[in-house]
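In what follows, a single structure is set out as structure tokens and then discussed.
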Amino acid sequence: MARAFSYLLITFSFFTVVSLAQSSPSASLLLPPPHAGSLPAMLLPLFLSPPNASRTSSGPRRLLQRSNARMGLYDDLLLRGYYTTRLWIGTPPQRFALIVDTGSTVTYVPCSSCQQCGTHQDPKFQPELSSTYQPVKCNLDCNCDNEKVQCVYERQYAEMSSSSGVLGEDVVSFGSLSNLEPQRAVFGCENEETGDLFSQRADGIMGLGRGDLSLVDQLVDKGVVSDSFSLCYGGMDVGGGAMVLGGISPPTDMVFTDSDPFRDGNSPYYNIDLKNIHVAGKPLLLNPRVFDGKHGTVLDSGTTYAYLPEEVFLAFKDAIMKELHSLQKIRGPDPNYNDICFSGAGSDVLELSKTFPAVDMVFSNGQKLSLSPENYLFRHSKEHGAYCLGVFQNGKDPTTLLGGIVVRNTLVTYDREHSKIGFWKTNCSELWERLHKSGAPPPMPSAPNGKNSTAEIPPTLAPTKAPHYVLPGELQIGEITFDIIFNVSYSDLEHHITELAKFIADDLEVNPSQVHLLNFTPNGNDSLIRWAIFPADSSNYISNATAMNMIARFAEHQVELPGTFGSYKLVRWSIEPLAKRTWWQQNYPIVLIAIIGTLLIGLSASGMWFIYRNRQQKLTAYKPVNAAVPEQELQPI
């Protein structure tokens with residue numbers, strides 16, 4: 001595939017997406033990121049929406065209760081080209097990994113009936129297995145299938161990939177991090193995928209743009225969340241992150257800029273009011289109106305890098321290079337592309353600010369968003385300690401498009417109710433602790449004594465720093481035990497234990513056979529369950545790193561489960577080092593092989609001796625025809 005942004009990054013793409021009330025076009029452009037070996041990045045094709053396409057014309061929303069859905073982000077923006085979150089659809093819930101995309105207004109997953117869908121991370125959605133699924137029936141406000149029975153949708157992408165299917169409605173659950181109850185929502189059930197949508201690992205798309213089919217709009221229309229959501233992407237080499245559907249209390253030092261939803265005629269996308277860029281404290285010599293060309297400055301979670309108008313890009317590149325006196329300019333990782341790369345900066349991300357200049361984005365209200373080097377650089381994939389600019393020229397298009405690299409380790413709040421977007425620099429791996437929002441805080445484990453390592457989790461406020469789950473030395477772990485309280489009654493949970501164990505195994509990325517139920521008892525109105533995780537059949541032990549990751553995921557509520565299992569709290573964990581084996585346990589395979597080998601050698605020797613003896617007997621008994629025979633004395637008759 002050609003490097004599309006070098007020709008035309010922002011393209012017009014008209015097609016129909018159908019809702020219960022009205023049509024709302026939306027799309028995301030899948031393009032390859034500018035370094036070798038990476039999967040396609042999701043880039044946003046901007047176009048004018050019809051005047052009736054936006055929910056903003058429907059008037060203010062009625063807020064019944066203030067709640068939010070806290071969800072984890074997975075994958076890596078530069079490695080895969082996108083971030084995903086987990087969503088559960090149906091009753092019983094079916095899990096999906098969906099790309100978080102503020103440039104899309106429809107959420108869709110592959111349908112079990114799809115014969116032209118690729119192989120993705122999770123099984124296809126099976127409507128027939130969900131007791132709460134309902135098709136969206138054909139009506140005057142939607143496009144219908146050929147039989148005039150069901151509403152359909154279609155999405156087409158500039159690089160020739162597409163998605164189409166039917167619209168359905170079902171219960172959507174947001175995981176155990178969320179205090180938002182499962183909600184009914186309309187989504188797309190794919191019957192056909194082509195291009196990159198067919199080959200990507202993620203199951204589908206979670207649409208967060210403005211529009212009636214957007215998941216955010218549907219939740220806001222129901223009055224269950226405020227008209228806001230937030231995303232927080234992990235930093236360089238970290239990946240993952242967090243998201244919140246609904247409002248949060250913004251930090252006092254959060255930087256805000258206006259976001260005009262009516263700029264392009266009720267646009268489904270999110271723009272910001274950027275006026276200048278400073279490099280090393282010095283402003284670029286540009287007319288502020290250069291950031292307002294065509295579609296202005298757009299912020300999109302599905303785009304990997306930043307793309308600037310030609311005039312801005314050239315000024316930015318020159319300003320950066322003037323500050324890099326000690327580095328050597330080198331070729332990029334892919335000779336097909338003219339990436340701007342530098343060597344000699346070292347591998348420690350925290351030290352990059354000593355070599356690369358600070359960059360500030362200046363908004364019309366005078367506020368500044370300071371960018372670290374990780375917000376405009378990506379690692380050179382073939383040379384240690386080398387980095388490349390993650391900022392590119394947007395062809396001849398005057399639109400400014402800012403992708404996820406710009407907001408790494410930044411909490412971005414899309415305050416749609418007040419038409420503004422906020423930025424807060426933070427470590428996204430510590431987001432819950434830094435916002436002091438964690439209802440069940442992670443533990444600081446005590447030092448282990450003796451055979452087991454154990455930690456109790458007290459009901460205290462969350463620490464301001466992320467906890468570290470330090471295990472003694474490099475243990476070979478034979479068993480990890482977790483005591484977990486689920487706020488679901490014993491009677492409601494006892495028939496779903498096997499299902500719960502499978503969800504836990506899927507989230508921890510282990511085989512279900514490794515997850516064992518040790519004890520299950522009532523705990524008032526809750527349930528107390530003791531689980532054990534054992535090594536895989538192909539491995540003799542669990543490594544320290546794997547064990548610490550599992551403990552941290554439970555303790556920090558990063559294990560996401562369907563809302564039907566309620567919330568959970570880790571009250572105790574322990575590890576069991578791999579038991580010391582006896583001489584016989586350690587060496588019995590070798591002894592067994594030696595015995596078998598000895599037996600085989602003995603049998604072979606015996607067989608060869610038998611054959612040799614048999615041959616000798618035959619040679620002794622053989623006499624030639626003309627051989628002399630001793631005369632025999634005739635006996636009288």
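We're numbering straight along the sequence, starting at 1. All values reported here derive from a predicted model rather than from experimental measurement.
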- Message: Could you walk me through whether Ile89 and Ser130 satisfy the side chain to side chain contact (heavy atoms under 4.5 Å, CB included) test, starting with their C-alpha distance in whole Å, then the side-chain angles of each, then the deciding distance to 0.1 Å, before giving a yes or no?
- Response: CA-CA 9 Å; Ile89 302 176; Ser130 175; over 6 Å; no

I want to check something: taking the side chain as every heavy atom from C-beta on, are [X] and [Y] in contact at a cut-off of under 4.5 Å?
{"X": "Met550", "Y": "Phe482", "answer": "yes"}
{"X": "Trp88", "Y": "Glu560", "answer": "yes"}
{"X": "Thr107", "Y": "Gln218", "answer": "no"}
{"X": "Ser301", "Y": "Tyr233", "answer": "yes"}
{"X": "Phe96", "Y": "Met206", "answer": "no"}
{"X": "Leu517", "Y": "Trp531", "answer": "yes"}
{"X": "Phe565", "Y": "Ile504", "answer": "no"}
{"X": "Tyr108", "Y": "Arg155", "answer": "yes"}

Quick one: [atom1] on [X] to [atom2] on [Y], what's the gap to the nearest 0.5 Å?
{"X": "Ile484", "Y": "Asp526", "atom1": "CD1", "atom2": "CG", "value": "13.0 Å"}
{"X": "Leu561", "Y": "Ser173", "atom1": "CG", "atom2": "OG", "value": "11.0 Å"}
{"X": "Gln116", "Y": "Asn191", "atom1": "CD", "atom2": "CG", "value": "9.5 Å"}
{"X": "Asn68", "Y": "Leu219", "atom1": "CG", "atom2": "CG", "value": "11.0 Å"}
{"X": "Tyr269", "Y": "Ser104", "atom1": "OH", "atom2": "OG", "value": "7.0 Å"}
{"X": "Ser178", "Y": "Gln183", "atom1": "OG", "atom2": "CD", "value": "9.0 Å"}

Go through Leu215 and Leu87 one step at a time and tell me if the side chain to side chain contact (heavy atoms under 4.5 Å, CB included) criterion holds.
CA-CA 11 Å; Leu215 187 58; Leu87 206 65; 4.3 Å; yes

Can you tell me if the gamma sulfurs of Cys138 and Cys144 fall under 2.5 Å?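 Answer is yes: Cys144 pairs with Cys138 in a disulfide.
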
Checklist entry - So, Cys117 with Cys114, SGs under 2.5 angstrom? => result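 Bridged: Cys117 to Cys114.
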
* Asked: Would the number of heavy atoms belonging to other residues, nucleotides or ligands and lying under 6.0 Å from CD of Gln126 be above 12?
  ->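 Above 12, so yes.
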
Determine whether more than 12 heavy atoms belonging to other residues, nucleotides or ligands lie under 6.0 Å from atom CD of Glu509.
->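 Check fails, neighbour count at 12 or below.
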
Between [X] (side chain only) and [Y] (backbone N and O only), is there a donor and an acceptor less than 3.5 Å apart?
{"X": "Arg263", "Y": "His295", "answer": "yes"}
{"X": "Ser527", "Y": "Phe486", "answer": "no"}
{"X": "Tyr568", "Y": "Val559", "answer": "yes"}
{"X": "Thr297", "Y": "Asn271", "answer": "no"}
{"X": "Arg184", "Y": "Thr132", "answer": "yes"}
{"X": "Ser230", "Y": "Val244", "answer": "no"}

Margin query: Pair Asp212, Val186 - check side chain to side chain contact (heavy atoms under 4.5 Å, CB included), show working.
Written below: CA-CA 10 Å; Asp212 289 304; Val186 176; over 6 Å; no

inquiry  = Applying disulfide (SG to SG under 2.5 Å) to Cys428 and Cys232, what does each step give before you reach the verdict?
reply    = CA-CA 6 Å; Cys428 288; Cys232 199; 2.0 Å; yes

Minimal non-hydrogen separation, [X] against [Y], with atom names:
{"X": "Thr303", "Y": "Tyr305", "result": "CG2-O, 3.4 Å"}
{"X": "Phe174", "Y": "Leu180", "result": "CE1-CD2, 3.6 Å"}
{"X": "His120", "Y": "Glu193", "result": "NE2-OE1, 2.8 Å"}

Any chance you could lay out the side chain to side chain donor-acceptor pair (under 3.5 Å) test for Thr399 and Asp397, step after step, and finish with the verdict? CA-CA 6 Å; Thr399 301; Asp397 194 313; 2.9 Å; yes

* To do: Kindly determine whether Asp300 and Thr102 satisfy side chain to side chain donor-acceptor pair (under 3.5 Å), including the steps that lead there.
  => CA-CA 6 Å; Asp300 177 49; Thr102 58; 3.1 Å; yes

- Task: Begin with the C-alpha distance, continue with both residues' side-chain angles, and end with the deciding distance and a verdict on side chain to side chain donor-acceptor pair (under 3.5 Å) for Thr84 and Asp75.
- Result: CA-CA 6 Å; Thr84 60; Asp75 296 300; 2.5 Å; yes

Please test Val152 against Ser164 for side chain to side chain contact (heavy atoms under 4.5 Å, CB included), starting from the C-alpha separation and ending with a verdict.
CA-CA 8 Å; Val152 298; Ser164 61; over 6 Å; no

Q: Start with the C-alpha distance between Ser131 and Thr91, add both sets of side-chain angles, then the distance that settles side chain to side chain donor-acceptor pair (under 3.5 Å), and finish with yes or no.
A: CA-CA 6 Å; Ser131 62; Thr91 306; 4.6 Å; no

For Asp122, check salt bridge (charged side-chain N to carboxylate O under 4.0 Å, His left out) against everything at least two apart and list the hits.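 Listed in chain order: Arg95.
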
| said: Test ring-ring contact (aromatic ring centres under 6.0 Å, His included) on Phe229 and Tyr270; report intermediate values, then the result. | reply: CA-CA 12 Å; Phe229 68 93; Tyr270 301 99; 5.8 Å; yes

